[in-house]
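Within every chain, numbering begins at 1; the chains are lettered A, B, ... in the order of the sequence lines, protein sequences first and strands thereafter.
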2 protein chains.
Amino acid sequence: MSSKKNKTSYVILGLLNEENLSGYEIKRIVDDRLSFFWNESFGQIYPELKRLTSEGLIAVSSADRPVYSKQSIKYEITEPGRLELQEWLKSPVEKELIRFEILLKLYFSNANSSDTMLEHVKEFQTSHLRQQQLFQQFEAQLKQNIDVHSNHRQILMVLSFGQKMWEAYAAWSEETLRLLEQNITAQEDDTDE
Amino acid sequence: MSSKKNKTSYVILGLLNEENLSGYEIKRIVDDRLSFFWNESFGQIYPELKRLTSEGLIAVSSADRPVYSKQSIKYEITEPGRLELQEWLKSPVEKELIRFEILLKLYFSNANSSDTMLEHVKEFQTSHLRQQQLFQQFEAQLKQNIDVHSNHRQILMVLSFGQKMWEAYAAWSEETLRLLEQNITAQEDDTDE
DNA sequence: TTAGGCATGTAACCCGTTACATGATTTG
DNA sequence: CAAATCATGTAACGGGTTACATGCCTAA
């Protein structure tokens with residue numbers, strides 16, 4: 001009911017809606033599966049778990065917490081929590097937040113710094129290629145045992161977004177590397193004269 | 001020298017490196033030309049201008065501040081400021097920051113909320129199409145009077161990134177809308193039986 | 001003359017990361 | 001048994017948005 005929560009709370013509610021999890025597990029799932037478009041830190045997750053518990057949107061799961069495994073605290077979503085999640089799903093999507101430092105640097109660079117930018121773009125290219133490959137494994141797994149009754153279809157749509165982004169990154173990297181190399185050769189010809 | 005400044009300071013230094021500007025003009029330029037991968041608010045710009053001035057990296061430009069136009073304060077970059085900018089250009093690029101709320105919602109949605117998601121994706125599609133068209137105008141302008149001696153080439157590389165992203169957004173939107181529509185029809189068939 | 005854009009600035013607040021602290025459990 | 005990983009949590013700090021306050025200037 002008391003809407004306008006921070007996004008971390010919805011990440012928690014969304015994940016708990018599927019299965020009972022501890023704070024640590026939530027962090028791992030976000031890192032493993034959502035990291036290409038989202039991230040959370042422990043410093044957000046743990047306090048938020050307490051807050052959501054005090055508000056009754058989630059609860060410590062006694063079923064998942066047998067005496068012999070004390071150190072991990074699993075949480076489960078409550079009915080009010082599910083309602084809150086559904087309401088958020090329907091609310092308007094906020095504009096995405098994007099900050100590409102590499103584009104900022106490129107924008108402020110000039111012909112003289114082409115060699116520096118070349119290195120930056122190369123790094124950009126390889127790091128994204130690595131990330132893309134990791135996600136392709138996950139995608140292949142999902143596609144094999146697709147379950148119509150869970151949200152596998154939705155997850156595939158999300159991964160498809162990532163896939164298209166990475167393709168765009170790759171195409172841009174190659175194009176830009178070519179252009180920067182041209183700049184460098186042109187520069188060298190200049191100084192030769 | 002005292003490195004590790006916030007990003008706002010480099011945006012300011014980068015823009016002042018091209019021409020003398022006021023805080024208000026800086027904000028407008030960021031909104032007009034960088035908004036697809038960066039943004040700044042007045043609450044960051046004005047205090048940062050003061051800080052950079054007190055550090056001697058920029059200075060109030062007396063030349064650009066004739067008595068008759070008092071209300072606008074133009075700043076110019078200093079030599080130490082240019083050095084600081086060059087150092088930052090060479091430093092490693094920080095990983096980009098991305099948060100797509102629409103993907104979060106899609107990830108946590110299920111077959112039952114396909115109609116809601118359909119609306120969200122439609123909104124996503126049109127808003128990006130609008131933005132893309134605005135930037136295509138700017139790009140066309142730039143390409144006509146390309147100046148080799150300023151950083152026009154670099155700006156075109158940045159715009160090409162945006163172009164490829166928007167193409168990816170468009171392709172994903174269409175693909176996803178089709179899939180969601182399929183979900184909805186399948187759902188209706190289900191309830192018909 | 002009044003509305004809208006130009007222009008600067010501050011304060012409150014929220015968000016988010018990082019560093020730190022602590023301890024249990026597992027594995028080589 | 002030592003190192004890595006699992007696990008929870010807090011505090012400090014810095015980043016960044018929003019709201020607010022103020023006033024000038026210009027064009028309908």
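- Among A:T8, A:N6, A:T53, the one residue that satisfies the side-chain hydrogen bond (donor to acceptor under 3.5 Å, both in side chains) test with A:E48 is A:N6.
- Computed from coordinates, the B:K7 NZ to C:dT17 P distance equals 13 Å when rounded to whole Å.
- The side chain of A:N6 approaches C:dC15 more closely than any other nucleotide in the set C:dA7, D:dT18, C:dC15.
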Any chance you could lay out the ring pair (Phe, Tyr, Trp, His ring centres under 6.0 Å) test for A:F135 and A:F36, step after step, and finish with the verdict?
CA-CA 9 Å; A:F135 274 88; A:F36 76 90; 5.0 Å; yes

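- Between B:R99 and C:dC15, a side-chain N or O to OP1/OP2 separation shorter than 4.0 Å is absent.
- Not one side-chain nitrogen or oxygen of A:Y24 sits closer than 4.0 Å to the OP1 or OP2 atom of D:dT8.
- Between D:dT5 and A:R28, no contact under 4.0 Å exists linking OP1 or OP2 to a side-chain N or O.
- Applying the 4.0 Å criterion to OP1 and OP2 of D:dG15, one finds that B:Q44 has every side-chain N and O outside that range.
- Of the candidate nucleotides C:dG9, D:dT10, D:dT17, D:dT10 has the atom lying nearest to any side-chain atom of A:K50.
- Note on B:V158: it does not cluster hydrophobically with B:L97, by side-chain heavy-atom contacts below 4.5 Å among ILVMFWY residues.
- Shown here is B:K143, whose NZ atom has no more than 12 heavy atoms of other residues, nucleotides or ligands within 6.0 Å.
- For B:S72, the listed nucleotide lying nearest its side chain is C:dT8; candidates were C:dT18, D:dT17, C:dT8.
- To the nearest 0.5 Å, atoms CD (B:E94) and CZ (A:R99) are separated by 10.5 Å.
- Between C:dT17, D:dT17, C:dT10, one nucleotide has an atom nearer to the side chain of A:S41 than all others, and that is C:dT17.
- The CD atom of A:E48 sits 13 Å away from the P atom of C:dT17 (whole-angstrom rounding).
- Nearest-nucleotide assignment on DNA chain C puts the 5′-proximal partner with B:S22, out of A:E40 and B:S22.
- OP1 or OP2 of D:dG16 has not a single side-chain nitrogen or oxygen of B:N39 nearer than 4.0 Å.
- Distances were taken from every side-chain heavy atom of B:T8 (C-beta onward) to each of C:dG9, D:dG16, D:dT8; the shortest belongs to D:dG16.
- Between A:Y10 atom OH and C:dG16 atom P there is a gap of 13 Å when expressed in whole angstrom units.
- Look at CZ on B:F42: it is 15 Å from C1' on D:dG23, rounded to the nearest Å.
- Here D:dT22 presents its P atom at 18 Å from CD1 of B:I73, a figure rounded to the nearest Å.
- A:E96 and B:H128 share a side-chain donor-acceptor pair at under 3.5 Å.
- Note: CD (B:E94) to C1' (C:dG16) measures 14 Å, nearest angstrom.
- Two residues, A:G43 and B:P47, neighbour DNA chain C, and the one matched to the more 5' nucleotide by heavy-atom proximity is B:P47.
- Counting to the nearest Å, the C1' atom of D:dG16 and the CZ atom of B:R51 are 14 Å from each other.
- Residue B:G23 is in sugar-phosphate contact alone, with no base atom involved, counting any heavy-atom pair closer than 4.0 Å across all strands shown.
- The side chain of A:Y46 lies closest to D:dT8, out of D:dG15, C:dA7, D:dT8.
- Atoms CG (A:L97) and C1' (D:dG15) sit 12 Å apart, rounded to a whole Å.
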